[in-house]
Protein chains: 4
Amino acid sequence: MGKTESVDIKAVRKLADKVKQLSDNIEKERLIQNFLESVVEEDKDVHPLMEELQKHLPECLPFLRGLLQGFNLASGRSKGKCYQSYDHTEIRERILDAALKVFSTKGYYETKMDWIAREAGVGKGTLYRHFKSKEELYRYLIDSRLSELKNKINEIIHTDKDVLEILSECFAEYFRFFQHYRGLYRLILSEEVPFEGGKYIKAALRNIYPIKHKLFNAAQKGQFKQVNFETAFYGFMGFLHGVVQKWLDHGCNYDLMDELPVVTEILLHGVKTERR
Amino acid sequence: MGKTESVDIKAVRKLADKVKQLSDNIEKERLIQNFLESVVEEDKDVHPLMEELQKHLPECLPFLRGLLQGFNLASGRSKGKCYQSYDHTEIRERILDAALKVFSTKGYYETKMDWIAREAGVGKGTLYRHFKSKEELYRYLIDSRLSELKNKINEIIHTDKDVLEILSECFAEYFRFFQHYRGLYRLILSEEVPFEGGKYIKAALRNIYPIKHKLFNAAQKGQFKQVNFETAFYGFMGFLHGVVQKWLDHGCNYDLMDELPVVTEILLHGVKTERR
Amino acid sequence: MGKTESVDIKAVRKLADKVKQLSDNIEKERLIQNFLESVVEEDKDVHPLMEELQKHLPECLPFLRGLLQGFNLASGRSKGKCYQSYDHTEIRERILDAALKVFSTKGYYETKMDWIAREAGVGKGTLYRHFKSKEELYRYLIDSRLSELKNKINEIIHTDKDVLEILSECFAEYFRFFQHYRGLYRLILSEEVPFEGGKYIKAALRNIYPIKHKLFNAAQKGQFKQVNFETAFYGFMGFLHGVVQKWLDHGCNYDLMDELPVVTEILLHGVKTERR
Amino acid sequence: MGKTESVDIKAVRKLADKVKQLSDNIEKERLIQNFLESVVEEDKDVHPLMEELQKHLPECLPFLRGLLQGFNLASGRSKGKCYQSYDHTEIRERILDAALKVFSTKGYYETKMDWIAREAGVGKGTLYRHFKSKEELYRYLIDSRLSELKNKINEIIHTDKDVLEILSECFAEYFRFFQHYRGLYRLILSEEVPFEGGKYIKAALRNIYPIKHKLFNAAQKGQFKQVNFETAFYGFMGFLHGVVQKWLDHGCNYDLMDELPVVTEILLHGVKTERR
DNA sequence: AATGAATGAGTATTCATTCAT
DNA sequence: GATGAATGAATACTCATTCAT
């Protein structure tokens, strides 16, 4: 309740300024100021003021009166209870979890809203209270989860560590992420959905990586070969995906992180033994 | 009712700027902007927007709801009651007023219970404490308002005045009624609702009129032509409805009562100039 | 088959002109002309020409080749049968009849597409092959039927008969129409539907009547009283509706046309007996 | 393929004007206009429009369909076949080509059987004469195309060349394949379809490669590092996919084969410059 | 008493498949 | 053999009503 009050009071306070500007003489201004203040501060003894206003500002009164009513309602007057901003978060999370589970098992089109509802243990209507449509639910699911990854990668990138180290850590974070949200992998990779879907996801994945810049510098310094940067980037991402795919095909029965050394070794030094 | 609107609209417009400053991200800003604009421009289709707001801006809603109420009151919405009696207002009446407003704007099927609740400033549950169902609310609304008309007509009929005079007064009362409850006209006339609805309403209208009897006597006495009584009755009612319709089509921008002389003249003496 | 061919041939002929304009020397022009003519006339011996074209107009060939293919398909070559432009009309009418029946019984909202399909004796999918949506079906139903009335009224109006006679005939036609399509009455009168629906229908009804003009002239000539023209018009329409309503309320168990004399008498001369 | 488009587009544009002249009412004109514009602009989402046309302009459809086909051919669509062989073309192949085109553009679920039929220039029924169901058509499409790849890879593997050389050639063949059937890439990679689909495709890809064996031997001989074989394999495949993806993202505007050296270099020797 | 989050029965619409012509 | 009109099972989404708080 405290929450909504503060907002309303601020709003009304702001309103006071505005309404004052509407009045065209000092007298009116004083009256309205008093009125609004008494509303804001205490909302007691409003009635006598209302009567004064009625005399001197008949043209503004209906508006103020309406506002007062609204304010009273909003402040919870005459309603004993006021749900303290019911926590949408918990149920939303339940739905998102269920959605991830079903979507990633069945894919977008084969997933029926009924199943998500059942999986989440809520009614079908509840889904639609929280997400406008199947599409929005899907989008939100991908976006929210993906931005976690994005943030973590960004943290790693914006350190002053050596490029090689950053690269390793990104690989690690990438694996860690999909190990956690394994279901997400299929959704992100499949270009199934037509609405921005495919392209957009890939794009997001790519745009995430301002590391491009660092790599480029490293290449300039001779730390890396002068290969086409973009090709290498797409290839690396693909390589990582391949390794995740292997893990999934094996039923996730080992720790994805164990693959890191191999991945790093191959991508940095190749599979071929050093020529001497 | 005297056009205080100009003041209110300006106020609301100004307010729009303020409220936008309260919002802290683009999305919210857009929603509120839309909402306020729809209030300012037309106050049509506000309800769907309210629902959006409810989902995305629960913390601002009470404030906006208050504002909307204020605006409605300010625009001269029906009840002459002033703030003192606010708390004593029968909730039932508030609901019925709201229902009349929404039903008559949107029709039965396009009216959502949520909108009535919001318009009335009560929770949806409260609606169901007072009326068992949407249907009952609708029925009661029509019945109660219509019985006002019925009573008035009955008073007129049960005097000993001349039949012609009675007829004139009935016409007048009929117009007066729909001028007051203009929204009701659409509801009563449309045969939209299937539950007895249509038939029943027409029936009610007809049964109201024991004047049939008097007219019949007058006809017998040669005061009226020996036309089929019932045909004339239906025709008269239709004629009145037509004139009300014209008034509505013209945006109710004149006094319906002004039409009375023409109506009386035509129905009693026809449009043709006397042959002699 | 003959049907579609003629269209295609015309199209191709036109195309010939166009394509000729694209070519930039006489030689090319001749080739294309020949080619197209052989397609149009006989579609025999096209192949040698194609080879010529291939040599001299390689850049246009693919386009022409495609066109030829399309033309062959279209002409029904290599398909023994070609449904001779299956007659959509019959089934459309069945659907419209069914729709009128159900809509007028139940109203727009209470009518389920399933029922219309069942009533029409077709599958639900067939409905959607002929009408894009419930709304379109409804609109089309009203529009098509109403334009019949409109046309008939127009015929009546655009004669040189006396205004009074025209009026009578319009009344008669109006009754005749609703006697035929009795179900339509409810649909047209109820302002049930929100999409243009109500207003639009009333508007249509009114706009139908250029008779306004004639009446106005008659009033000027003193044939009619100098009453407000529009009021009279709305009133008259309402009167007619009232009488139709009576007929419906009586289960349509008499001939609506029988009411005509009373209607005419009242509207022209009133119900009151002539004062002497 | 050699850009004959400019000519065709001009022709179609001109044609638009002509065809419009053939239509005899506004509605038709609009439909055709839309249709032709969508053909000219992008040739995307033509199918929904075709359906509209089919409903409202059955008599013009064959002509337009021919035009569309011509346009597709003209744009360089796959088959090098010229008109002589038209009649002998296996319908099955026509259908599979059409299916590949539509499936790869729209994905499995967004592809409607109607569109495939139209694209192939056959009736919907014909589709079902050749393939039992949408699913079977899809499966067969993937299988048949993929087995081409499989065969070629097998040929390469079953030579006595050096492992490194074999590897290079496989990379090349892989690229060559997707450069040819670019549409197929999306289908194979997306795990969209639930019926064995995803898994099955990946499995197919893997089982294709008995090269595993050779690589294993090479590793044993110290030619390769003793990395986990399977990890490397999945990674390599992923890497290749990544590079194909890059190519697609760039609109296939360069020769995929040009990427081969970089791919080989990185996978065999890594991106890091040799430590001395 | 009042509230509004949750519910799920009910509906318009789509599209793979069939089959009469 | 080929065709495409007809079909109806399947599904996303709505909204009147309920009930825990």
Side-chain angles (χ1 to χ4, degrees), chain A residues 76 78-84 86-88 91 109-118 121-135 137, chain B residues 51 54-55 58 61 91 109-118 121-135 137, chain C residues 73 76 78-84 86-88 91 109-118 121-135 137, chain D residues 51 54-55 58 61 91 109-118 122-135 137:
Chain A
S78 91
K79 356 170 183 173
K81 276 166 262 190
C82 183
Y83 292 105
Q84 51 278 46
Y86 174 86
D87 190 12
H88 275 218
I91 207 152
Y109 287 94
E110 285 299 311
T111 293
K112 312 305 170 198
M113 290 303 262
D114 289 34
W115 300 348
I116 298 179
R118 188 124 8 147
V122 301
K124 217 186 326 175
T126 308
L127 255 47
Y128 286 89
R129 168 168 294 280
H130 291 266
F131 301 92
K132 210 162 44 202
S133 66
K134 187 180 178 181
E135 186 181 320
L137 172 54
Chain B
E51 269 160 41
Q54 181 153 34
K55 272 189 208 155
L61 188 63
I91 296 262
Y109 288 95
E110 287 298 310
T111 294
K112 315 304 170 200
M113 292 301 263
D114 288 40
W115 299 351
I116 298 179
R118 189 135 33 208
V122 301
K124 228 185 321 174
T126 308
L127 255 47
Y128 283 88
R129 174 158 300 280
H130 290 268
F131 301 94
K132 206 164 52 195
S133 68
K134 187 181 179 182
E135 186 180 320
L137 170 56
Chain C
L73 283 183
S78 93
K79 358 172 183 173
K81 276 166 264 189
C82 183
Y83 290 105
Q84 51 277 48
Y86 174 89
D87 190 12
H88 275 217
I91 206 152
Y109 288 93
E110 286 299 311
T111 293
K112 312 305 170 198
M113 291 303 261
D114 289 35
W115 301 347
I116 298 179
R118 188 124 7 148
V122 300
K124 221 184 322 172
T126 308
L127 256 46
Y128 285 89
R129 169 167 293 279
H130 291 265
F131 301 93
K132 210 162 44 199
S133 66
K134 187 179 178 182
E135 186 180 321
L137 171 56
Chain D
E51 269 161 38
Q54 182 154 34
K55 273 188 207 155
L61 189 62
I91 298 261
Y109 287 94
E110 287 298 312
T111 293
K112 314 306 171 199
M113 290 302 262
D114 288 40
W115 299 350
I116 298 178
R118 189 135 35 209
V122 300
K124 228 185 320 176
T126 309
L127 256 45
Y128 284 88
R129 174 159 299 281
H130 290 267
F131 301 93
K132 207 165 53 198
S133 67
K134 187 182 180 183
E135 185 180 322
L137 170 56

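Quick note on labels: first sequence line is chain A, next is B, and so on, each numbered from 1. What you are looking at is a predicted structure, and each value in this text was computed from that prediction instead of being measured. Keep in mind that the numbers below use all heavy atoms, side chains included, and drop hydrogens, waters and symmetry copies.
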For [X], give me all partners under salt bridge (Lys or Arg N to Asp or Glu O under 4.0 Å), at least two apart in sequence or on another chain.
X	value
B:Lys124	B:Asp114
C:Lys112	none
B:Glu110	none

d(C:Ile91 CD1, C:Arg129 CZ) to nearest 0.5 Å is 10.0 Å
Any residue meeting ring pair (Phe, Tyr, Trp, His ring centres under 6.0 Å) with B:Tyr128, in chain and number order, not counting sequence neighbours
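By the ring pair (Phe, Tyr, Trp, His ring centres under 6.0 Å) rule, B:Tyr128 matches no residue at all.
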State, to 0.1 Å, how close B:Thr111 and B:Lys134 come at their nearest heavy-atom pair, and which atoms those are.
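That closest heavy-atom pairing would be O-NZ, 2.8 Å.
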Please report, rounded to the nearest Å, how far the [atom2] atom of [N] is from the [atom1] atom of [X].
X	N	atom1	atom2	answer
B:Arg129	F:dT21	CZ	C1'	14 Å
C:Leu127	F:dA5	CG	P	16 Å
B:Phe131	F:dA16	CZ	P	16 Å
D:Arg118	F:dT3	CZ	P	13 Å

Taking OP1 and OP2 of E:dA6, is either one under 4.0 Å from a side-chain nitrogen or oxygen of A:His130?
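For E:dA6, OP1/OP2 do have a side-chain N/O of A:His130 under 4.0 Å.
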One character per nucleotide, please: for nucleotides 8-14 of chain F, 5' to 3', B when the base has a protein heavy atom closer than 4.0 Å, S when only the sugar-phosphate does, - otherwise.
BBBSSBB
Strand DNA chain E as a dot-bracket string - pairs counted if Watson-Crick or G-U with both distances under 3.5 Å, | where the partner lies in another strand
.||||||||||||||||||||
